[in-house]
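Remember, it's a predicted structure, so these values are computed and weren't measured experimentally. Every chain is numbered from 1 and lettered A, B, ... according to where its sequence line falls, protein lines coming before strand lines.
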2 protein chains.
Amino acid sequence: MFSKACEYGIKASTYIALQSLEMNRVSLKEIASEINSPIAFTAKILHKLAKNDILESVKGPYGGFQIKKERIDSIKLAHIVAAIDGDDIYNGCALGLDECNALQPCPLHEKFVGIRSDLKKMLENTSLYEVATGLEVGLTFLKR
Amino acid sequence: MFSKACEYGIKASTYIALQSLEMNRVSLKEIASEINSPIAFTAKILHKLAKNDILESVKGPYGGFQIKKERIDSIKLAHIVAAIDGDDIYNGCALGLDECNALQPCPLHEKFVGIRSDLKKMLENTSLYEVATGLEVGLTFLKR
DNA sequence: CTTATTTAAGATAATTTTGTCCGAATAGCA
DNA sequence: TGCTATTCGGACAAAATTATCTTAAATAAG
Ligand code: SF4
Ligand code: SF4
């Protein structure tokens with residue numbers, strides 16, 4: 001459904017949010033180990049998210065990544081996905097056709113558009129806060 | 001959403017079905033040109049579909065691909081997708097986690113499972129006949 | 001100011017997906 | 001039989017994605 005990069009992005013953001021709620025800044029190393037992802041690859045993804053104003057990075061000793069507490073609820077999964085995978089999900093059609101004539105859609109159009117818009121809505125309505133706090137019970141799931 | 005191979009597979013099957021309804025057997029060349037796909041790559045995909053009993057291939061002069069008229073309605077998109085992409089869509093979770101504890105699902109589980117099962121249902125309920133005949137008006141869409 | 005620590009950035013490598021090429025096998029036809 | 005059109009099947013190549021390595025830049029602390 002999403003690219004590997006995007007999955008890491010979501011998991012990492014979730015972990016950072018969880019720690020930021022307790023005022024902990026976390027290092028790249030810690031994040032990668034916590035979500036079981038390749039360190040350097042994760043670095044690029046976090047960098048991208050930082051450039052997209054989704055999280056903040058701090059260099060130097062005691063540096064790392066964090067998210068402003070008050071923003072955790074306004075950051076939606078859709079923002080993360082868009083920053084990493086772009087808007088491919090929203091645009092292309094299921095069959096990968098280049099463009100589409102809305103006046104004479106193929107027989108699948110209605111159905112696909114419905115499902116895709118459900119997904120979109122879900123991503124837009126689900127905040128990082130929701131995901132992070134929703135799993136405080138079984139935190140280990142981020143490792144899988 | 002689907003792999004490129006899968007997209008070609010759906011488009012090709014649709015075209016073959018459309019022609020088979022009129023008792024025309026179509027060649028690889030014709031198919032590839034009709035759906036705008038790389039010839040050799042398309043060959044592999046069609047071959048795979050043939051091995052999965054989704055379509056029939058005939059070698060030699062006047063050979064090509066076809067689908068038994070009476071089967072066109074019982075072949076569902078799900079069959080094609082499964083033959084090419086396997087069952088990845090149905091198994092993995094949105095976050096790409098290896099396994100999942102249904103007893104203590106992450107906060108996204110309900111939502112994702114719902115959307116995914118909608119997609120699954122749609123693929124299982126949509127037959128090649130439906131797709132092929134549904135677009136007889138604007139056939140050129142397969143080129144895009 | 002120096003050093004240790006940590007992210008930034010770019011080059012490089014491995015893997016997967018997508019795409020190409022070519023000889024072999026098959027079938028129709030003269 | 002021999003010729004030709006076509007799929008089959010495997011080896012090969014290119015492109016995209018994922019992952020690693022190396023060096024630079026920033027910054028906190030002594
Ligand atoms: S009309 Fe059909 S081909 Fe076009 S965007 Fe919709 S589903 Fe895709
Ligand atoms: S519980 Fe969460 S992590 Fe597990 S399969 Fe469901 S969505 Fe994925």
Given DNA chain D, 5'-ward residue of the pair A:S37 and A:Y62, judged by closest heavy atom: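 Taking each residue's closest nucleotide, the earlier one in sequence belongs to A:S37.
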Residue whose nearest DNA chain D nucleotide is more 5′ - A:F41 or B:G64: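 Nearer the 5' end of the strand: B:G64.
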Joint hydrophobic cluster, A:I84 plus A:I39, side-chain heavy atoms closer than 4.5 Å: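 Shared cluster, yes.
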B:V58-B:I67 co-clustered via ILVMFWY side chain contacts under 4.5 Å: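 Hydrophobic grouping puts B:V58 apart from B:I67.
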Sub-4.0 Å heavy-atom contacts from residues 24-31 of chain A onto DNA chain C, ordered by number: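 Per residue number, the list reads A:S27, A:L28.
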Whole-Å gap separating [atom2] ([N]) and [atom1] ([X]):
X	N	atom1	atom2	value
B:I39	C:dC22	CD1	C1'	14 Å
A:K4	C:dT17	NZ	P	11 Å
B:M1	C:dT17	CE	P	18 Å
B:K48	C:dT17	NZ	P	10 Å
B:Q66	C:dA27	CD	P	13 Å

Minimum-distance nucleotide (side-chain atoms of A:F65 versus C:dT18, C:dA25, C:dA8):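 Selected nucleotide: C:dA8.
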Check: B:K11/B:S37 side-chain N/O donor and acceptor closer than 3.5 Å: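 No, no side-chain donor-acceptor pair sits under 3.5 Å.
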Test item: side-chain donor near acceptor, B:K69 and B:S20, under 3.5 Å: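 No, because no side-chain N or O of B:K69 sits under 3.5 Å from a partner of the opposite role on B:S20.
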Salt bridge present between A:E130 and A:K76 (N-O < 4.0 angstrom):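 No, no charged N to carboxylate O under 4.0 Å.
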Check: B:D73 and B:L128 side chains under 4.5 Å, non-hydrogen atoms: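 Side chain of B:L128 against side chain of B:D73, heavy atoms only: no contact under 4.5 Å found.
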Side chains of A:Q19 and A:F65 in contact at under 4.5 Å (non-hydrogen atoms):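 Side chain of A:Q19 against side chain of A:F65, heavy atoms only: no contact under 4.5 Å found.
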Of B:K44 and A:A50, the one whose closest DNA chain C nucleotide lies more 5':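 Closest to the 5' end, via its nearest nucleotide, is A:A50.
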Spacing of B:S13 atom OG and B:I31 atom CD1 [to the nearest 0.5 Å]: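 B:S13 atom OG to B:I31 atom CD1 measures 8.5 Å (nearest 0.5 Å).
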Covered region of DNA chain D, 5' end to 3' end, by chain B [heavy atoms, under 4.0 Å]: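 Listing 5' to 3', DNA chain D meets chain B from D:dT4 to D:dA11.
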Under-4.0 Å side-chain N/O to phosphate OP1/OP2 contact, B:Y8 with C:dG19: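 For B:Y8, the contact criterion (side-chain N or O under 4.0 Å from OP1 or OP2 of C:dG19) is met.
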Worked verdict on A:M1 versus A:L119 for side-chain contact (heavy atoms from CB on, under 4.5 Å): CA-CA 11 Å; A:M1 181 104 67; A:L119 177 64; 4.1 Å; yes
